[in-house]
Amino acid sequence: LARDLVQADRIEVVPLGVAERFAPGASADDFATRYDLPDSFVLCVAVFEPRKNHAALLAALRLLHDRGRRIGLVLVGRRGWRWRDPLKESRFADLRPWVRVHHDVPDADLPEFYRRAAAFAYPSFHEGFGLPPLEAMSCGTPVVCSNTTSLPEVGGPAALYVDPGRPGELADALDRVLGGRALRSRLIEAGLARAASFRWRRTAEATRSVYEAVCSRSGRVPCVTGPAT
């Protein structure tokens, strides 16, 4: 939309970054007990609202269980607009023992969720950027996400992509990741490399360069390029 309203040579795209705390590491002994985590689970970190498409995760979980892959699902986020908990639907009643929903998790605990997950799933319909898949990659967790909006550009070759409107595709991709050692290894390695190129220092430097370029062209607004004295 922005490119339709503004001349292309006046647009600079600056990607967001992943905080350094999102990295592979040792697990806390009491973490699984504290959050009542399943032994093995798929993780989704996203605000609880319709565009994040949580219902597709439950539908995919149903298909995985039908195939004999008995894995849990952990949803982490905060309440957003128009949220209706899909777990309250009768069609998902038998999945409730396999699902954990955690609201407003402290930021300090998020890396541990990513590290413990067997896979990270993000079937969002719309994204402005999409940090959670990169955070998962940075923690060494294989990613399956939507093939829509910004997500393929952000994840590049380091994720598997699915149509968010087709839970069967999501289940198929998760099944491949959960059951394929070679694929898991490839996605983990590619994800770590991909996430390493998205750092907040790079975001800050790129943003500063834009400000300096604008100030230089205008000739009217002073720019401070060094530390304050």
Margin query: Please evaluate residues Phe113 and Leu37 with respect to the criterion side-chain contact (heavy atoms from CB on, under 4.5 Å), reporting the C-alpha separation (whole Å), side-chain torsions for both, the decisive distance (0.1 Å), and the verdict.
Written below: CA-CA 9 Å; Phe113 276 99; Leu37 297 180; 3.8 Å; yes
**Request:** Show your working on side-chain contact (heavy atoms from CB on, under 4.5 Å) between Phe125 and Thr149 and close with a plain yes or no.
**Result:** CA-CA 8 Å; Phe125 286 117; Thr149 58; over 6 Å; no
- [ ] Could you walk me through whether Tyr122 and Asn53 pass the side chain to side chain donor-acceptor pair (under 3.5 Å) test, one step at a time?
- [x] CA-CA 8 Å; Tyr122 205 66; Asn53 198 19; over 6 Å; no
Practice task
Would you check, one step at a time, whether the test side-chain contact (heavy atoms from CB on, under 4.5 Å) holds for Ser138 with Arg21?
Solution key: CA-CA 9 Å; Ser138 194; Arg21 69 179 181 277; over 6 Å; no
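With hydrogens and angles disregarded, a donor-acceptor distance shorter than 3.5 Å links the side chain of Ser146 to the backbone of Ser124. A donor-acceptor distance shorter than 3.5 angstrom exists from the side chain of Glu112 to the backbone of Ala28, with no hydrogens or angles considered. Remark: the backbone N or O of His126 is not paired with any side-chain donor or acceptor of Thr148 at under 3.5 angstrom. Side-chain N or O atoms of Arg115 include none that pairs as donor or acceptor with a backbone N or O of Ala136 at under 3.5 Å. When atom types are taken as modelled, the side chain of Arg100 and the backbone of Asp36 share a donor-acceptor pair closer than 3.5 angstrom. Judged by distance alone, with hydrogens and angles left aside, the side-chain atoms of Tyr161 form a donor-acceptor pair with the main-chain N or O of Gly156 at under 3.5 Å.
Considering all non-hydrogen atoms of both residues, Ala32 and Arg116 come closest at CB-NH1, 3.7 Å. Here the shortest heavy-atom pairing between Met137 and Ala158 reads CE-O, 3.6 Å. Across every non-hydrogen atom of Gly17 and Thr203, the tightest pair is N-OG1, 3.5 Å. Of all heavy-atom pairs between Ala56 and Leu170, the closest is O-CD2, 3.7 Å. Counting all heavy atoms, side chain and backbone alike, Leu110 lies closest to Phe22 at CB-CE2, 3.9 Å. Nearest heavy-atom pair across Arg91 and Asp94 is O-OD1, 3.8 Å.
At least one side-chain heavy atom of Pro24 sits under 4.5 Å from a side-chain heavy atom of Leu192. Looking at heavy atoms from C-beta onward, Leu43 lies in side-chain contact with Tyr114 at the 4.5 angstrom threshold. Contact of the Leu73 side chain with the Leu58 side chain is registered, since non-hydrogen atoms from C-beta on lie closer than 4.5 Å. Using a 4.5 Å cut-off on side-chain heavy atoms (C-beta onward), Arg70 and Pro38 make no contact. Contact annotation: the side chain of Phe48 approaches that of Val101 to within less than 4.5 Å [non-hydrogen atoms, C-beta and beyond].
Counting non-hydrogen atoms of other residues, nucleotides and ligands closer than 6.0 Å to CD of Glu12 gives a total of 12 or fewer. Under a cut-off of 6.0 angstrom, the local environment of CG in Asp66 is crowded, with over 12 non-hydrogen atoms contributed by other residues, nucleotides or ligands. Summarising the local packing, CD of Glu205 is surrounded by more than 12 heavy atoms from other residues, nucleotides or ligands at distances under 6.0 Å. Counting non-hydrogen atoms of neighbouring residues, nucleotides and ligands closer than 6.0 angstrom, the CG atom of Asp39 reaches no more than 12 such neighbours.
At a threshold of 4.5 Å between side-chain heavy atoms, the hydrophobic network of Ile, Leu, Val, Met, Phe, Trp and Tyr places Leu61 and Leu63 in two separate groups. Hydrophobic clustering places Val14 together with Val214 (ILVMFWY residues linked when any side-chain heavy atoms are closer than 4.5 Å, directly or through intermediates). Both Val45 and Val18 are members of a single hydrophobic cluster when ILVMFWY side chains are connected at heavy-atom separations under 4.5 Å. Clustering ILVMFWY residues whenever any of their side-chain heavy atoms sit less than 4.5 angstrom apart, transitively, puts Val105 in the very cluster that holds Phe120. Under the 4.5 Å side-chain heavy-atom criterion for Ile, Leu, Val, Met, Phe, Trp and Tyr, Val162 and Ile71 are members of the same hydrophobic cluster.
The CG atom of Leu151 sits 5.0 Å away from atom SG of Cys145, with the distance rounded to the nearest 0.5 Å. Distance check, rounded to the nearest 0.5 Å: NZ of Lys88 to CZ of Arg96 gives 9.5 Å. Here the OG atom belonging to Ser40 is positioned 9.5 Å from the CH2 atom belonging to Trp98, to the nearest 0.5 angstrom.
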Identify every side-chain donor-acceptor pair in residues 171-191 under 3.5 Å, counting partners at least two apart or on other chains, and give the distances.
residue	atom	partner	partner atom	Å
Asp172	OD1	Arg67	NH1	3.0
Asp172	OD1	Arg67	NH2	2.6
Asp175	OD1	Arg69	NE	2.5
Asp175	OD1	Arg69	NH2	3.1
Asp175	OD2	Arg67	NH1	3.4
Arg184	NH1	Ala118	O	2.5
Arg184	NH2	Ala118	O	3.4
Ser185	OG	Arg181	O	3.1

Show me the donor-acceptor pairs, under 3.5 Å and distance only, between side chains in residues 76-86 and residues at least two apart or in other chains.
residue	atom	partner	partner atom	Å
Trp81	NE1	Glu49	OE1	3.1
Trp81	NE1	Glu49	OE2	3.2
Asp85	OD1	Leu87	N	2.9

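For the pair Arg202 and Phe198, the distance from NZ or CZ to the six-membered ring centre is under 6.0 Å and the angle to the ring normal is within 45 degrees.
By the 4.0 Å N-to-carboxylate-O rule, Glu127 lies close enough to Lys52 to be salt-bridged with it.
Inspection of the Glu153 and Ser150 side chains reveals no N or O donor paired with an N or O acceptor under 3.5 Å.
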